[in-house]
Protein chains: 2
Amino acid sequence: MKKTPTRPDSVLETLKQRGYRMTPQRRAIIEEILGSDGHIAALGIAQKLARKMPGINASTVYRTLDLLEEIGVVSHSHLGSGAEYHLTGEHEHVHLVCSNCGRTESLSLDELKPFRRMLEKNHDFAPDFTHFAIAGLCSRCRD
Amino acid sequence: MKKTPTRPDSVLETLKQRGYRMTPQRRAIIEEILGSDGHIAALGIAQKLARKMPGINASTVYRTLDLLEEIGVVSHSHLGSGAEYHLTGEHEHVHLVCSNCGRTESLSLDELKPFRRMLEKNHDFAPDFTHFAIAGLCSRCRD
DNA sequence: GTATATGCAAAGGTTTTGCACAGCC
DNA sequence: GGCTGTGCAAAACCTTTGCATATAC
């Protein structure tokens with residue numbers, strides 16, 4: 001069951017609907033997030049874009065990310081150091097990051113169902129497991 | 001089953017054993033962590049100490065925390081924004097932080113046992129749930 | 001044409017680093 | 001006395017903000 005990949009246009013469509021403008025910078029930032037295979041830091045976007053679009057300013061990236069997050073098309077998560085951005089609704093999995101070697105694995109949300117139910121039942125808490133990673137030791141670093 | 005509270009002396013003992021020196025600054029930093037009821041940010045320590053021990057420098061705090069973490073007596077976790085330090089072995093619980101109101105609750109490690117077993121069995125991953133918080137919506141903010 | 005978005009520059013906050021001096025052992 | 005630890009100052013790093021200009025609509 002493959003997902004239709006999100007296209008930059010659909011994000012820009014959302015912007016227009018809300019009365020925001022479609023600028024080359026915004027288009028480029030969105031493309032960078034889409035092309036980053038998951039998640040990317042704000043500064044990472046700025047640096048990658050600097051090559052393709054000289055003159056683009058980091059503050060534009062920060063402001064655009066804030067805006068996109070506000071209208072709900074992107075979200076950020078914490079996978080170790082600092083915020084990483086991704087499209088809301090994509091990237092719906094939990095990160096397991098190894099404290100020793102830094103490698104990351106993915107965990108499907110399905111595997112978390114029993115844990116989620118426990119939190120909802122016992123603590124009346126609706127978890128978003130994608131927001132923070134889970135640290136630990138991976139198979140190679142365990143012993 | 002109450003735990004014996006860790007005393008600054010025992011930490012300083014560890015320092016001495018490893019050939020490090022016991023200074024008033026280090027003593028004060030350790031006391032601040034002990035007295036912080038759980039966790040505290042590096043800059044928080046520096047600011048609180050500034051009152052009791054004028055002249056103490058933030059860089060000393062950062063360097064001391066690095067050292068203490070290196071020798072294993074303190075650890076840090078990420079509960080929302082930035083690193084918070086606590087004594088290794090104390091504070092052994094998971095934080096649930098509400099993305100909406102910011103309140104935090106605690107979860108015992110016992111409640112996580114089935115989840116831990118799943119990660120170990122299916123992913124050969126040994127999780128440290130205390131390192132990152134779990135984000136979500138608390139009872140008051142759920143609906 | 002007008003309101004919004006961008007670039008630039010400056011400032012803000014946190015953390016790191018180099019170096020000389022102080023102080024623990 | 002020697003070597004480690006600290007203070008100080010500066011820099012590095014990331015992010016935010018104010019303001020004038022550019023540009024999407």
Side-chain angles (χ1 to χ4, degrees), chain A residues 8-9 11-33 39-71 73-74 76-85, chain B residues 8-9 11-33 39-71 73-74 76-85:
Chain A
D9 296 340
V11 176
L12 291 163
E13 203 56 45
T14 309
L15 277 182
K16 277 185 90 169
Q17 281 168 16
R18 307 256 190 149
Y20 296 106
R21 292 179 184 173
M22 165 161 43
T23 67
Q25 290 88 339
R26 285 180 176 169
R27 173 175 282 276
I29 290 165
I30 292 158
E31 277 170 355
E32 206 57 54
I33 298 175
H39 44 84
I40 184 167
L43 210 56
I45 297 176
Q47 288 166 348
K48 289 185 86 175
L49 279 184
R51 290 177 229 148
K52 310 175 192 173
M53 189 178 243
I56 192 171
N57 199 271
S59 61
T60 302
V61 175
Y62 285 103
R63 283 187 282 224
T64 300
L65 288 172
D66 284 351
L67 173 66
L68 294 177
E69 189 154 33
E70 218 173 286
I71 66 179
V73 305
V74 308
H76 74 270
S77 21
H78 300 276
L79 311 178
S81 50
E84 307 254 331
Y85 288 82
Chain B
D9 297 339
V11 176
L12 291 163
E13 204 55 46
T14 309
L15 277 181
K16 277 185 91 171
Q17 280 168 17
R18 307 254 190 153
Y20 296 108
R21 292 180 184 171
M22 164 159 45
T23 67
Q25 290 88 340
R26 285 182 177 167
R27 173 175 281 276
I29 290 165
I30 292 159
E31 276 171 356
E32 206 57 56
I33 298 174
H39 43 83
I40 185 167
L43 210 56
I45 296 175
Q47 288 164 349
K48 289 185 87 176
L49 280 184
R51 291 177 230 147
K52 310 176 194 173
M53 188 180 244
I56 192 170
N57 199 269
S59 61
T60 301
V61 175
Y62 286 104
R63 284 187 283 223
T64 300
L65 289 172
D66 285 350
L67 173 66
L68 294 176
E69 189 154 34
E70 218 174 286
I71 66 179
V73 304
V74 308
H76 74 270
S77 20
H78 300 277
L79 310 178
S81 51
E84 307 254 330
Y85 288 82

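Just so it is clear: chains get the letters A, B, ... in the order the sequence lines come, proteins before strands, and each one is counted from 1. The structure presented is a predicted model; accordingly, all values stated were derived computationally and were not measured.
- Comparing atom distances between the B:S59 side chain and each of D:dT17, D:dG7, D:dG5 picks out D:dG7 as nearest.
- Contact annotation for A:G19: no contact, since no heavy-atom pair falls under 4.0 Å across all strands.
- For the pair B:R26 (side chain) and B:L12 (backbone), a donor-acceptor distance under 3.5 Å is absent.
- Between the P atom of D:dT6 and the CE atom of B:M22 lies a distance of 13 Å, rounded to the nearest Å.
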Let me check something: any side-chain donor-acceptor pairs from residues 52-60 of chain B under 3.5 Å, sequence neighbours excluded? List them with distances.
| from | atom 1 | to | atom 2 | distance (Å) |
| --- | --- | --- | --- | --- |
| B:K52 | NZ | B:E32 | OE1 | 3.0 |
| B:N57 | OD1 | B:S59 | N | 3.0 |
| B:N57 | OD1 | B:S59 | OG | 2.8 |
| B:S59 | OG | B:R63 | NH2 | 3.1 |

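- Of the residues near DNA chain D, B:N57 and B:R21, the one whose nearest nucleotide (by heavy atom distance) lies more toward the 5' end is B:R21.
- B:Y85 and B:I33 get closest at one heavy-atom pair: O-CG2, 4.4 Å.
- Regarding B:Y20, its OH atom lies at a distance of 14 Å from the C1' atom of D:dC3, rounded to whole Å.
- Taking 4.5 Å as the limit, some side-chain heavy atom of A:L67 sits within range of a side-chain heavy atom of A:L15.
- Between A:L43 atom CG and D:dT16 atom C1' the separation is 13 Å, expressed in whole Å.
- One atom, CG of B:L15, and another, P of D:dT4, lie 15 Å apart when rounded to the nearest Å.
- Between B:Q25 and the phosphate of D:dG7, there is a side-chain N or O to OP1/OP2 separation shorter than 4.0 Å.
- Chain B approaches DNA chain C over the interval C:dT14 to C:dC25, counting the first and last nucleotide 5' to 3' with an atom under 4.0 Å from its heavy atoms.
- Taking the side chain as every heavy atom from C-beta outward, B:I30 and B:V73 never approach each other to under 4.5 Å.
- Of all non-hydrogen atoms in B:Y20 and B:I71, the two that sit nearest each other are CE1-CG2, 3.8 Å.
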